[in-house]
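To start, the structure itself, in structure tokens.
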Amino acid sequence: MKTPEDTRRNCPMNLFADIRALVVTSLEGMVQAGVLAEGLSFDNVTVEPPRDASHGDMATNAAMVLAKPSKMKPRDIADALAAALLNDPRIEAADVAGPGFLNLRLSKSLWQGVVKSALVDAQFGQSNLGGGKKINVEYVSANPTGPLHVGHTRGAVFGDALASLLAYAGYDVTREYYINDGGGQVDVLARSVYLRYLEAHGQQVAFEDGTYPGDYLIEVGIALKDKVGDAYVDQPEEVWLAELRLFATDAMMAMIRDDLAALGVSMDVFFSEKSLYGTGRIEDAIEDLRSKGLIYTGTLEPPKGKLPEDWEPREQTLFKSTDYGDDVDRPVQKSDGAWTYFAPDIAYHYDKITRGFDGLIDVLGADHGGYVKRMKAAVSALSDTQVALDIKLCQLVKLMKNGEPFKMSKRAGTFVTLADVVEMVGPDVTRFVMLTRKNDAPLDFDIDKVTEQSKDNPVWYVQYASARVHQVMRKAAEAGIAVDDATLAGADLSLLDHAAEIAMAQKLAEWPRLVEVAARTHEPHRVAFYLYDLASEMHSLYNRGNDDHSLRFIQDDAAVSQAKIALIRAVCVVISHGLGILGVTPATEMR
RNA sequence: GGUCCUUUAGCUCAGCUGGAUAGAGCGCUGCCCUCCGAAGGCAGAGGCCAGAGGUUCGAAUCCUCUAAGGACCGCCA
């Protein structure tokens, strides 16, 4: 059990949460005083920044939400609530407006306090939303048959940023990669490597259909030659296939790890599909479903509209996924008794559940959309609906160069790899740009535009804001003004009283709230958009110093300068936190 | 035939899980450097939130239907 003090320590300043708590307390007081009826739910009461700054600093919908259940007029509730709130020193004004909004104006010292929190509290913005719950984020999970391509890159960045975001919001996060090393495509890979192996021995080989012709296997063939010499030359498949499956997938996974490392992604767990076969683990998972009466033998209807040419009704072992919201039941065993791909997937998720995760997230490409319902159904069934599975689908990335589609690759020939992209634009740009679109929206990635140095380019724009702060601090230091962390943390922030400066602080105050919303919705792109807004506010404030010199950060008076620099330093700190979640290194200068 | 996703300014997209007069960038028009980096900023023009119903104090947001575009749909993973 946590003490209130622990909670406070784990929950750095979130002004919106604080004020919402105050509103709820006031409402409870109104219930005690008999103004409001008992038994009302305050769950839908929100405290939000108003759309229009002229409406005040924060707005609550309490009166409108409670009007119907309490059978009162919104206006009456709002008036009573306003009177109660005004008893708190933090509330300077509370006005009823519109259909029943209560607009609040908060004391300036509160906003100044946010600046201080951002500077002195390294955990500013972190949240205990997750409460230490264990959550598993599975992403990338590309077949170990070749290098990662652009599509994987988006999944990798999205999954990694989501994992960081959830950790920031107080979850115990595991980053996981599922290696599809159990299926037939690994045989194809092994045979392809064998061809490269023969080639390394000077033989002429032909890559027929059903083999992987990519150059990236050449070195694997050579490595195999170095390892086994000519032991496998002119030998039948039985001799080398099993060995080569291992050798080839190991080589591919080493390459994939390198690709991920170049992007700054590192996994906690690599889970092998193969480890599920021959160990009874698939059988255990299916048996669990069977014990719940969800496995039966039957024949599926052919899909309507598009009848496959070689369709014939076959009896299969089916999972009754329709009990958990799927459209049709799904086969787990083929008519010849072999497992379908779905069976090991069920076993894999069963394994995650037994590892004690409270929540599971799968990050997949949009082409896996048809798979979502059945997997959710399986997880619901296996966990008795105790574990929620969220599946995030990432839409396609259209790689462009100067407005034209870009498809060439040096390494793979047919598709552009993750390594190609990172080499061309760097990991920071790659990561940020991949998060400038919602995951389920298609993304154009133009390798010219994303390296452009203009506000057209969000990465650059955010980095520029950060660099400007550092530049100002360097200038201030040259002018003999102390701007070290300790000095700024102790600055007299009451000197920040211009509306533009308070507005800047208010933007900072949104950060903890944004983290919670982004974490709750599993949408890391919100962080990227917030950072853009924050940078925009920063640039605007900077430029206002051109017209109004009292807004310039460096002033004759050292104390005033330190207060102003504390403000922009706080902006810089929050940018660092945000970029940290996205996995991007903040800039201290532009070159 | 079915499932899922998308549809918001000329273009590319946000929109805080139902809130007030729907926002940003690009493009267009006009301004702002003797001054912390103008690689910026300010202002203006530009909207039937695909369409039609419904739910309620209130809808771009939730429900139903329709239209357009994309992904997927037993014996591949």
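Convention: sequence-line order gives letters A, B, ...; per-chain numbering from 1.
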Partner lookup for [N], please. Criteria are Watson-Crick or G-U wobble with both distances under 3.5 angstrom; report none if nothing qualifies.
N      : value
B:rC33 : none
B:rC28 : B:rG44
B:rU64 : B:rA52
B:rU3  : B:rA71
B:rG23 : B:rC13

Using a strict 4.0 Å threshold on nitrogen-to-oxygen distance, state whether [X] and [Y] make a salt bridge.
X        : Y        : answer
A:Asp323 : A:Lys320 : yes
A:Lys438 : A:Glu523 : no
A:Arg513 : A:Glu510 : no

What integer number of Å spans the C1' atoms of B:rC4 and B:rG47?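 Pairwise C1' distance, B:rC4 against B:rG47, rounds to 29 Å.
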
Look at all strands and tell whether A:Pro74 reaches a base, only sugar-phosphate, or nothing, counting heavy atoms closer than 4.0 Å.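 If one applies the 4.0 Å heavy-atom cut-off, A:Pro74 turns out to touch nothing in the nucleic acid.
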
Across the strands shown, which category fits A:Asp547 at heavy-atom distances under 4.0 angstrom: base, sugar-phosphate, nothing?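 The residue A:Asp547 makes sugar-phosphate contact but no base contact.
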
Under 4.0 angstrom between A:Thr340 side-chain N/O and B:rA77 OP1 or OP2: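 Looking at the OP1 and OP2 atoms of B:rA77, neither is under 4.0 Å from any side-chain N or O of A:Thr340.
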
